Amino acid sequence: ILNVEQSPQSLHVQEGDSTNFTCSFPSSNFYALHWYRWETAKSPEALFVMTLNGDEKKKGRISATLNTKEGYSYLYIKGSQPEDSATYLCAFPGSARQLTFGSGTQLTVLP
Amino acid sequence: DAGVIQSPRHEVTEMGQEVTLRCKPISGHDYLFWYRQTMMRGLELLIYFNNNVPIDDSGMPEDRFSAKMPNASFSTLKIQPSEPRDSAVYFCASSLDKTGNSPLHFGNGTRLTVT
């Protein structure tokens, strides 16, 4: 069983604040790291698939970095808006390439 | 592309009844996954198919659960007989490949309530 951990479990920030959260995963046999955004009453939507150590991906105000040697990825949101409120999931494919999801970070952006 | 389509969106049934959930993956995606979301366990993989063939069903909780994929554009997840502890949101997802490089595309889910 793969250990994919996310922290914090939940987070409240004020509109306009920047924030970040962490995903840690096994550093051996790294293949890829996925980030998904999951809004309430909707389905998870892919944000990034990261494969290279040192990779940095960006989508609007959201960006992510990857450190495969130490087994962590950060997701950053710059200037949070209420519409950024969602659960952010990371997922790690094991040796069989099936994704194991973390438990997510639930972000609430207060207006 | 309409994305991954699941039906029904909501299903309420009585304990002991048979439940069938349906999924249409994105055309051209070779992999189809069934996930279950619960408060206790989060998103857990039940089974996945490659080119319509079940590859790993180790996540299926017990024999009451079965899944089929008769063709590239349709899959079903069946629970017979259903029990209250099966209440959850069931997601279907598809991807171009299983190498880990391709993101999953999720359907809107089926919220199952077994009373």
Side-chain angles (χ1 to χ4, degrees), chain A residues 1-7 9-10 23 25-53 55 57 59 62 64 66 68 71 73 75 86-106, chain B residues 1-10 21 23-26 29-50 53-60 67 88-111:
Chain A
I1 297 177
L2 290 175
N3 201 18
V4 181
E5 295 185 351
Q6 293 189 245
S7 63
Q9 189 174 2
S10 65
C23 172
F25 51 85
S27 56
S28 58
N29 297 318
F30 177 83
Y31 198 85
L33 193 282
H34 294 219
W35 280 102
Y36 291 82
R37 169 193 158 93
W38 194 358
E39 291 182 73
T40 302
K42 294 188 178 179
S43 55
E45 180 184 341
L47 286 171
F48 307 115
V49 177
M50 310 178 78
T51 57
L52 298 175
N53 185 42
D55 224 0
K57 301 253 183 180
K59 189 174 185 176
I62 303 176
L66 178 67
T68 61
S73 175
L75 189 80
T87 296
Y88 292 84
L89 296 168
C90 68
F92 181 79
S95 57
R97 304 291 181 255
Q98 299 167 39
L99 285 182
T100 295
F101 282 85
S103 53
T105 292
Q106 187 173 5
Chain B
D1 197 321
V4 176
I5 300 173
Q6 289 187 247
S7 64
R9 289 296 305 273
H10 303 273
L21 312 181
C23 175
K24 176 179 167 55
I26 293 174
H29 282 193
D30 289 337
Y31 287 86
L32 182 140
F33 304 82
W34 282 100
Y35 282 88
R36 178 170 68 174
Q37 184 227 349
T38 61
M39 290 293 291
M40 293 296 294
R41 299 170 71 97
L43 261 179
E44 54 177 339
L45 178 66
L46 300 177
I47 185 172
Y48 78 93
F49 295 82
N50 175 26
V53 176
I55 302 301
D56 186 350
D57 65 355
S58 59
M60 297 284 260
V89 181
Y90 291 81
F91 286 100
C92 174
S94 69
S95 71
L96 275 172
D97 62 57
K98 195 203 71 173
T99 63
N101 280 346
S102 296
L104 293 184
H105 297 261
F106 285 84
N108 286 328
T110 294
R111 181 174 294 277

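What you see is a predicted model, and the numbers here were worked out from it, not measured in a lab. Below, chains carry the letters A, B, ... as their sequence lines are ordered, and counting in each starts from 1.
The OG atom of S102(B) lies 7.5 Å from the NE2 atom of H34(A); values are rounded to the nearest 0.5 Å.
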Show me the donor-acceptor pairs, under 3.5 Å and distance only, between side chains in residues 40-52 of chain A and residues at least two apart or in other chains.
residue: S43(A); atom: OG; partner: G107(B); partner atom: O; Å: 3.2

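Within 6.0 Å of atom CD in E39(A), more than 12 heavy atoms from other residues, nucleotides or ligands are found, so the atom counts as buried in its surroundings.
Residue E44(B): no heavy atom, backbone or side chain, is found under 4.5 Å from chain A. Using a 4.5 Å cut-off between heavy atoms, L45(B) touches chain A through its side chain atoms alone. For chain B, no part of L33(A) is nearby; none of its heavy atoms comes within less than 4.5 Å.
Within the 4.5 Å cutoff, side-chain heavy atoms of Y35(B) are placed close to those of L99(A). Counting heavy atoms from C-beta on, the side chains of W38(A) and F106(B) never come closer than 4.5 Å.
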### Query
Taking it one step at a time, do L43(B) and Y36(A) satisfy side-chain contact (heavy atoms from CB on, under 4.5 Å)?
CA-CA 12 Å; L43(B) 261 179; Y36(A) 291 82; over 6 Å; no
